[in-house]
Amino acid sequence: MPSPASRSHTGVCNLCEAICGLRFEVEGDGPAARITQIRGNPDDPLSRGHICPKAVALKDLHEDPDRLRQPVRRVTGADGQPRFEPISWDQAFDLVVDGLVRVREQHGANAVAVYQGNPNVHNWGNITHGHLFFSQLRTRARFSATSADQLPHHVVAHWLYGHQLAIPIPDIDHTRFMLILGGNPLASNGSLMTVPDVRARLKDLRERGGKLVVLDPRRTETAAVADEHHAIDPGSDAAWLLAVLHTLFEEDLVRPMHLTPLLDQVDAVRRAVQPFSPEATAPHTGMDAATTRRLARELAQAEGAVVYGRMGVSTQAHGVVCQWAIQAINLLTGNVDREGGALLTSPALNLIDMKLMGPGHLGAWHSRVRGAPEFSGELPVSVLAEEMLTPGRGQIRALVTAAGNPVLSTPNGRQLDTALAQLDFMVSVDFYINETTRHADVILPPTCFVEHDHYDLVFLHLAVHNVARYSPPIVAPADGALHDWQIYAELARRYARRAWALERGGIRQRLAGLLTRGLVGRLPPHRLLDLGLRRAGGRVTFAQLKARPDGVDLGPLRPSLVKRLEQRRRRIRLLPEPVRRELAALTDLFTRAAPPEPGADGRPALKLIGRRDVRSNNSWMHNSARLVSGKPRCTLWIHPDDAAARQLRDGQTVTVQGRTGQVSVPVHITPDIRPGVVSLPHGWGHDRPGVALTVARAHPGASINDLTDDQLTDRISANAAFSAVPVAVYGCPRRPHGRSRTATIRA
Ligand SMILES: Nc1nc2c(c(=O)[nH]1)N[C@H]1C(S)=C(S)[C@@H](COP(=O)(O)OP(=O)(O)OC[C@H]3O[C@@H](n4cnc5c(=O)[nH]c(N)nc54)[C@H](O)[C@@H]3O)O[C@H]1N2
Ligand SMILES: Nc1nc2c(c(=O)[nH]1)N[C@H]1C(S)=C(S)[C@@H](COP(=O)(O)OP(=O)(O)OC[C@H]3O[C@@H](n4cnc5c(=O)[nH]c(N)nc54)[C@H](O)[C@@H]3O)O[C@H]1N2
Ligand code: SF4
Ligand SMILES: [Mo]
């Protein structure tokens, strides 16, 4: 029970896309205030009281003694070892601007790279103010977690619907048939589908007579509550989705209905998918042809159906084809912009209308070493390390990381670890010294979530129900602490002064830039929110939001895409040229090629896939004792047949070997994974020199991205391909192979 001295605050959890509404009990005042209790908020119109174990860890994050509360710089100690020493904000900003300007002057703007990690989209101050600084760097070396995640969704939305953020969201609360591929919302709480309380929503779906089908190589928590689960072979989903399209045409199930007047190239799609019959593709997918045909029929005949595919089908060699085929199926069955199908949201602030991001472009330029395409101004993160390690004009020599941990989160992380150690200058905006930021020359630590206010610009845009919700801070930050937005505003101000001479454009243009940055930099995010809501037409006002911290209910998703497209006189060209070419190339791979060769050592090579656990959040919540307590979670799932072939015992430590490296982890032998497939969660591997995460280092696990391969990418977008990475598993330790296991820290 909260003590009588405690106060109740309504807030939100920003850790994952579900953005659950919370109630906090707080004792004391000012920066010394302590959170004593965190519960789900039953009056929240979106999350309806839902909460998961991670929310309580917001308190651990707030109190974590390892969390940086002052800037630090890396120095060499008397023992010759690197260590971090606290410095003032003033000193830190000067060091950062000096370091970045120096590299730019010596090697050009593209020698300074930027990596923006996942929490950038969870912390609105980064969105409102980050660009004031980043845009001034004028670098093409921009990277983010997007290309280790949802890039194919953006590419396809840009092609089909004219904007990278025009991603139709499954109408989970009204659908009669939901087919999920490569997503496990019961553990992840949804992605590109903000869906708190998903278990209850899926139960409702089934209770109203709807059906849930899951295609996943693993019997996931979501598969366990589904009507049907099929353990598809990883990496083969594109073939299966093309077989569904084939069936829709062959069995005369194509009914675009209200979309018909907008759809072009339907016949071209018919021809393109013709070779991919369920029968021809079955040996590649492991999906029985009769099942594929039945599912295509059920999908086409349901009154409101939706196919939804996430991480497992985005981060694979055919990520763009998978996401394209999913949209094509939803369009051709008339389920886009239909209740119970997939709909655009109508948030109070629509990111598309706000023009914070352009519509998107693919391949306007290419990476220097490998020739990988940019998308909307970002290069794929799989090329980041090689751009640092390969000498020549344009080589990356400095890096800014913002709320990211690419050493643990990007493919072949060990290679990046090595590359970071060789940079001329690195700065990180982060509150932890982790596997990535330990390489930084300067770390700028912002406040944590409960210390700043929040309006979720991104995930309210992607939610299954329209809601607007503004949350004031729960506790006051320490004196002198800065929020992310303040860090960026100050970096922008100081950088602009120093880099004035390097800026492009005439004096007038440069002055205008300076003025905008100066003005916006002074306005806190909530002032921009107020202005934005006014500009959006005043459907909701900032005053209303402040008066109703539970959130303002803006109603269920409603059709709006067709209207949007009509207003813009835009049609849907169903078969973008890169997809047409790719389908021609895939015909051989998915309908004719012989089954894969066995592994080099005579035993079949295993296919590695990922996994998420409800108590873990990418790479960075393992310093909360309550989240890592109990049985180890970084275990390798393996099927009993594969374990028997290797004479493995449950719980024994095994060596997993990939092209890029090897790791040692305990095995978990379970029939819940497809034979020939092994699964390891990502975000672990904390036992590296210099990592200042006391709890995480005591539960280090191993990094799956020491096994994933920077050379394995989506064939169109170069998004990281984390699924179906070939690995071997051995019961006994093996001599290290590939790159050195020990990462070096720059002295
Ligand atoms: N093999 C494999 N790899 C994967 C995935 C996978 O499924 N399998 N998943 C991929 C996906 S989907 C993603 S999104 C990426 C994530 O990859 P990243 O974004 O690179 O990594 P995170 O673990 O999210 O790291 C977040 C960092 O931000 C810091 N941080 C947290 N909140 C804030 C804040 O408010 N401000 C600031 N400045 N810093 C903050 C944390 O301390 C931490 O260092 O990983 C990808 N990598
Ligand atoms: N608890 C928790 N929640 C999170 C996160 C977290 O780290 N922990 N991360 C957040 C982030 S950044 C994101 S992007 C979302 C991701 O949200 P989801 O996409 O739901 O992520 P996962 O749980 O990784 O689900 C991916 C599923 O794909 C399956 N899979 C792997 N390869 C294949 C394949 O080739 N084909 C098919 N059909 N399936 C495959 C895996 O077995 C896994 O069950 O989760 C968010 N929520
Ligand atoms: S599901 Fe858990 S981590 Fe995600 S927003 Fe809700 S409480 Fe936070
Ligand atoms: Mo993600």
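Start at 1 and go down the list; that is how both ligands and their atoms are numbered. Residue numbers start at 1 and run along the sequence shown.
Of all the atoms in ligand 1, the ones that sit under 4.0 Å from a non-hydrogen atom of Asn123 are 34 (C), 35 (O), 36 (N). Those atoms of ligand 1 that come under 4.0 Å of a heavy atom in Gly117, given as number and element, are 19 (O). Distances below 4.0 Å separate heavy atoms of Lys54 from the following atoms of ligand 3: 3 (S). Close contacts of ligand 1 with Ile704, meaning ligand atoms under 4.0 Å from a residue heavy atom, involve 1 (N). Applying the 4.0 Å criterion to heavy atoms of Leu15 picks out, from ligand 3, the atoms 3 (S). Against a heavy-atom cut-off of under 4.0 Å, Met311 is close to the following atoms of ligand 1: 5 (C), 6 (C), 7 (O), 9 (N), 10 (C), 12 (S). Below 4.0 Å from some heavy atom of Tyr115 lie the following atoms of ligand 1, by number and element: 17 (O), 18 (P), 19 (O), 20 (O). Per-residue contacts place Tyr432 under 4.0 angstrom from the following atoms of ligand 1 (heavy atoms of the residue considered): 42 (O). Every atom of ligand 1 is numbered from 1 in the order shown, and the set under 4.0 Å from a heavy atom of Pro119 is 24 (O), 26 (C), 28 (O), 30 (N), 31 (C), 32 (N), 33 (C). Listed by number with element, the atoms of ligand 1 under 4.0 angstrom from any heavy atom of Phe449 are 32 (N), 35 (O).
Distance check for Cys52 against atom 2 (Fe) of ligand 3: an N/O/S atom falls below 2.8 Å. Checking Cys16 against atom 4 (Fe) of ligand 3, an N/O/S atom falls under the 2.8 Å cut-off.
Remark: minimum distance from atom 38 (N) of ligand 1 to any protein heavy atom is reached at Asp484 OD2, 2.8 Å. Scanning the protein for heavy atoms near atom 1 (N) of ligand 1, the closest one is Asn705 OD1, 2.9 Å. The protein heavy atom nearest to atom 8 (Fe) of ligand 3 is Cys13 SG, 2.3 Å. For atom 6 (Fe) of ligand 3, the closest non-hydrogen atom on the protein side is Cys20 SG, 2.3 Å. When only non-hydrogen protein atoms are considered, atom 23 (O) of ligand 1 lies nearest to Ser619 OG, 2.5 Å. Phe431 CZ, 3.4 Å is the protein heavy atom nearest to atom 32 (N) of ligand 1. The nearest heavy-atom contact from the protein to atom 4 (C) of ligand 1 is Phe722 CE1, 3.4 Å. Remark: minimum distance from atom 40 (C) of ligand 1 to any protein heavy atom is reached at Ala403 CB, 3.6 Å. Looking only at heavy atoms of the protein, atom 21 (O) of ligand 1 is closest to Asn405 N, 3.5 Å.
Between Leu636 and Val654, the closest heavy-atom pair is CD2-CG2, 4.2 Å. Heavy atoms only, all atoms of each residue included: Thr410 and Thr708 are closest at O-OG1, 4.4 Å.
Contact annotation: the side chain of Arg23 never approaches that of Ile38 to less than 4.5 Å [non-hydrogen atoms, C-beta and beyond]. Side-chain contact check for Asp66 versus Arg697: every heavy-atom pair is 4.5 Å or farther apart.
Selection from Pro446, Pro681, Ser409, Gly610 by nearest heavy atom to atom 47 (N) of ligand 1 gives Ser409. Considering only non-hydrogen atoms, atom 7 (O) of ligand 1 lies nearest to Arg612 out of Arg612, His622, Glu17.
Taken to the nearest 0.5 Å, the CH2 atom of Trp620 stands 5.0 Å off from the CG atom of Leu61.
Under 3.5 Å, the side chains of Thr222 and Arg199 contain no donor-acceptor pair of N or O atoms. For the residue pair His461 / Thr345, no side-chain donor-acceptor distance below 3.5 Å is found, with atom types taken as modelled. Asp484 and Asn123 share a side-chain donor-acceptor pair at under 3.5 Å. Checked by atom type, the side-chain pair Asn719/Asp714 shows no donor-acceptor distance below 3.5 Å. Judged purely by distance below 3.5 Å, without hydrogens or angles, the side chains of Ser191 and Gln150 never pair a donor atom with an acceptor atom. Donor-acceptor pairing under 3.5 Å is lacking for the side chains of Glu17 and Asn189. Defined by atom type and a distance below 3.5 Å, a donor-acceptor pair is present between the side-chain atoms of His622 and His686. A donor-acceptor contact under 3.5 angstrom links the side chains of Asn405 and Thr436, judged on distance only.
Between the side chain of Arg469 and the backbone N or O of Tyr455 there is no donor-acceptor pair closer than 3.5 Å. Between the side chain of Ser428 and the backbone N or O of Ile443 there is no donor-acceptor pair closer than 3.5 Å.
In terms of polar-atom proximity, defined here as any N/O pair under 3.5 Å, Asn617 makes no such contact with ligand 1. Considering backbone and side-chain N/O atoms, His452 never comes within less than 3.5 Å of an N/O atom of ligand 1. At under 3.5 Å, not a single nitrogen or oxygen of Asp149, backbone or side chain, sits near a nitrogen or oxygen of ligand 1. Considering backbone and side-chain N/O of Asp430, one or more are found under 3.5 Å from N/O of ligand 1. Of the polar atoms of Asn118, at least one N or O is found under 3.5 Å from an N or O of ligand 1, judged by distance alone.
In summary, Arg73 and Asp441 do not engage in a salt bridge, as defined by a charged side-chain N under 4.0 Å from a carboxylate O.
Proximity of His122 to ligand 1, defined as any heavy-atom pair under 4.0 Å, is not found for any part of the residue. Counting heavy atoms under 4.0 Å from ligand 3, residue Asn617 does not touch it at all.
A heavy-atom separation below 4.0 Å is found between Pro406 and ligand 1.
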